[in-house]
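Below is one structure; the comments refer to it alone.
Hydrogens, waters and symmetry mates are skipped; everything else that's a heavy atom, side chains included, is used. Source: prediction; values computed, not measured.
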Amino acid sequence: MTAEFRRLGKRGAYRLGQLRAQGVGEGVRPVPFQPRFIRANHHFPVSVWLLGLAAGSALIVGAAAVGWWFGPFLVGALAGVANRIGAWSVRVALPAVIAVAVVGWGAPLAWAALHGQPYRALAGVIAAIAGLPASASVGFGLTLLVAAAQVVAGYWLGRALSMIA
């Protein structure tokens with residue numbers, strides 16, 4: 001009886017160590033979870049990407065000033081190519097690109113509406129024509145939603161084209 005107490009808790013006690021001989025190895029310890037956006041496997045630092053996002057927003061503002069309604073699509077395509085090169089996760093890059101489009105279209109709309117342009121009334125009419133409540137905020141929201149859809153379509157096209165080349 002005392003011999004069993006001496007064996008208790010020791011390696012090889014009660015022939016449990018023979019399982020390894022049958023092909024069952026020791027369990028692998030789990031690796032601690034680390035989100036992908038924290039890992040440092042990007043080709044450029046975060047400051048370069050933030051500068052690129054600010055430049056993309058400025059390009060959309062400039063395109064809106066000229067009247068190019070397809071500006072978010074072009075910026076999205078450029079962001080898709082740049083993201084493919086820079087190796088950022090889509091989960092991180094896509095919301096950032098959508099934010100660029102919303103800021104890029106929202107800034108000129110807000111600026112014009114605050115400086116007396118008739119965009120509020122026009123946005124209400126566009127919302128009413130679309131079958132939505134005739135409100136300026138609904139019209140502006142619809143416009144920003146279209147810009148977000150354009151930038152997402154451009155982003156995916158840019159990623160696809162960069163995979164081909």
Side-chain angles (χ1 to χ4, degrees), residues 26-165:
E26 288 187 26
V28 179
R29 292 186 176 206
V31 178
F33 176 73
Q34 186 178 15
R36 285 199 287 177
F37 61 88
I38 293 178
R39 294 181 196 152
N41 60 354
H42 310 298
H43 297 154
F44 299 107
V46 176
S47 60
V48 171
W49 291 112
L50 291 176
L51 184 64
L53 292 174
S57 186
L59 283 173
I60 292 174
V61 168
V66 175
W68 290 354
W69 54 268
F70 53 88
F73 181 79
L74 296 177
V75 169
L78 290 174
V81 171
N83 187 34
R84 190 74 179 161
I85 294 168
W88 277 90
S89 170
V90 175
R91 290 186 212 175
V92 175
L94 197 57
V97 171
I98 290 172
V100 164
V102 168
V103 168
W105 266 113
L109 282 175
W111 181 266
L114 291 175
H115 285 76
Q117 296 292 327
Y119 288 142
R120 286 185 186 164
L122 181 63
V125 169
I126 289 173
I129 290 172
L132 300 169
S135 170
S137 61
V138 172
F140 285 143
L142 185 64
T143 303
L144 296 179
L145 187 64
V146 168
Q150 282 186 13
V151 80
V152 167
Y155 176 80
W156 287 114
L157 179 69
R159 280 187 61 93
L161 290 177
S162 66
M163 287 183 3
I164 293 171

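Nearest approach of V61 to A107, heavy atoms of both residues: CG2-CB, 4.4 Å. In terms of heavy atoms, A147 sits closest to W105 at CB-CD1, 2.8 Å. Across all non-hydrogen atoms, the minimal contact from G106 to L144 is N-CD2, 3.5 Å. Summarising the geometry of V103 relative to S57, their closest heavy-atom pair is CG1-OG, 3.4 Å, with the distance given to 0.1 Å. Of all non-hydrogen atoms in A101 and V151, the two that sit nearest each other are CB-CG1, 3.6 Å. Here the closest non-hydrogen pair linking G71 and A63 is CA-CB, 3.9 Å.
Annotation: the span from L142 atom CG to S135 atom OG amounts to 11.5 Å, rounded to 0.5 Å. Atom OH of Y155 and atom CG of L94 lie 6.0 Å apart (nearest 0.5 Å). Rounding to the nearest 0.5 angstrom, the gap separating the CZ atom in F73 from the CG atom in L78 is 10.5 Å. Rounded to the nearest 0.5 Å, atoms CD1 (I60) and CH2 (W68) are 13.0 Å apart.
Under the 4.5 Å side-chain criterion, counting only non-hydrogen atoms from C-beta, V90 is in contact with W156. Looking at I98 and V152, their side chains come closer than 4.5 Å, going by heavy atoms from C-beta outward. Contact of the L109 side chain with the T143 side chain is registered, since non-hydrogen atoms from C-beta on lie closer than 4.5 Å.
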